[in-house]
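Beneath this line is the structure, given in structure tokens, with notes to follow.
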Amino acid sequence: MKNNIINQNLNNLEIKNFDWNLIQSEMKNRLGVDIFESWLKKIDFIEEHHNYLLLSVPTRFIRDWITSRYLDQILQIIKSYKKDVTRVEFKIIDKTKNEYQNIFEKTKDNENISFIKDSYLLYNRIDPNKRFDNFVTGKSNKLAHQASLKVSEKISYYNPLFIYGGVGMGKTHLLNSIGLELKKDKKVMFISAERFMYQFVKSIKANDMVKFKEYFRNTDVLLIDDIQFMNGKEAMQEEFFHTFNALIEKGSQIIISADRPPNRLSRIQERIKSRFSGGLVVDIQKPDIDLRKKIVEKKLEELCSLYPEQSKISQDVQNFISSEIITSIRELVGAINRIVSFSRIYNKTPSLSETKVILKDLLNLNENNVTIDLIQTLVCKFFKISKNEMLSSRRSRYLVRPRQTAIYLTKILTSKSLPEIGREFSNRDHTTIIHSVKTIEKLKEKNPEVTENINKLKNQILYNKENEI
Ligand code: ADP
Ligand code: MG
């Protein structure tokens, strides 16, 4: 009964030409009844706007499971109905705790976060689980972390603080941590750029700009996530510009995140970009192996308090995950969640080969399009030799090193077995393959230039950027 009311409430929101039931049945078809019943059925539709959908799931765990395994397929299905949709976001709503009811009925929030009635209520993006104390630091994110701590201690120290970096690198986590810290005694507003635009347009339509201005200009701290999605018309940028200036003038702190530096934001006015660069601009880079290891440890430690038995993952598996899941911290965290879920479901901790199966699609993602042919082609270009020379049996020094490099890269970037690799390199014996791999590993340890070349090649191969050599 309660659910019906909830659903009605949900359906009254802006669902236009959009039938969630249809999407659900399509998910069932494409992903199978088992997966649907165990996971996807738990997804509810909250609202749609611009180019993304807000969905809900009952727990963080289910969200992580779904995002790490099925998100691409879900998005594809949604796109087949609405091609404008480029993203989905999940909100965690535990229905058993009646939170839906809260969302729709609670009009006052006693926390120090401001909302514009109904719509902002749905958009309290401050997540109590993304804090400074569980943000693991390393070379790649140290500066961004320090700057975030600094503004949390002393607002306006850097103003604005602009944090940029690729997907899943921890930008939202940092903004969230700042928000959590500062909301203890300040008015904090945390909003995505998309939401800002949406709210702006809505306020104009409702002839309610006064309230909009009031809300944004009264905050002590404004955190705007993913500013690259801001692509509004003149009027909106104008409003944003004035809000921005008004806030800075009155000493409020502004923190912005983006996937690129200010000067590369394409649809934003020059004067706004130059304001963005006026404080401190810091980036977060891809995590290196040390940071990945630390994150794996920290994450397991956290999970251990929830599932003590199932979080005992062998060192082998831990090493494998931290050395193979290299694209983003989000994927790394997703991978760990998946492994721990496996041990919960099957009541055993996975072996290394089981891990490879469980993480297959994530691993494929990394080796996307990586074929032996591509590796050989790119390595030959890099060392300026021909493919015939590489595959010949000649042992001149200038051929041996490239050959060993190509063999080494094949070993680490594909899932081919040693004999398979041997066959692709003119039927070489698998002991030759092992020898090549070991030689390069040793060279890498001794010689930074070798490591650098290997990394360059690895990047070219992974991104398949043949034309950039
Ligand atoms: P972004 O906003 O850059 O796309 P997020 O902040 O959403 O990335 O991070 C993706 C996931 O990885 C989140 O679950 C986040 O908590 C986690 N994460 C990212 N960086 C770290 C870190 N340094 N330490 C711990 N967890 C992290
Ligand atoms: Mg983010």
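Only this structure's heavy atoms are used, side chains among them; waters, hydrogens and symmetry mates stay out. In each ligand, atom 1 is the first atom listed, and ligand 1 is the first ligand listed. We number each residue from 1, following the sequence as shown.
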Do we see a donor-acceptor contact under 3.5 Å between the side chains of S328 and E331? no

Could you list all the ring-ring contact (aromatic ring centres under 6.0 Å, His included) pairs where at least one residue sits in residues 252-309, not counting sequence neighbours? F162-F276, F244-F276

All N/O donor-acceptor pairs, side-chain side in residues 142-151, below 3.5 Å, sequence neighbours left out:
residue, atom, partner, partner atom, Å
S148, OG, A144, O, 2.7

Given a heavy-atom cut-off of 4.0 Å, could you list the residues near ligand 1 in chain and number order? K130, N134, F135, V136, N141, G166, V167, G168, M169, G170, K171, T172, H173, I329, R330, V333

Quiz: residues 257-268 side-chain donor-acceptor pairs under 3.5 angstrom, not counting sequence neighbours:
residue, atom, partner, partner atom, Å
S257, OG, D225, OD1, 2.4
S257, OG, D226, N, 2.9
R267, NH2, Q228, O, 3.3

Scan side-chain atoms only and decide if Q318 and S322 contain a donor-acceptor pair under the 3.5 Å cut-off. no

Do E37 and K42 sit within salt-bridge range, that is, some charged N less than 4.0 Å from a carboxylate O? no

Counting backbone and side chain alike, does T172 bring an N/O/S atom below 2.8 Å of the Mg ion (ligand 2)? yes

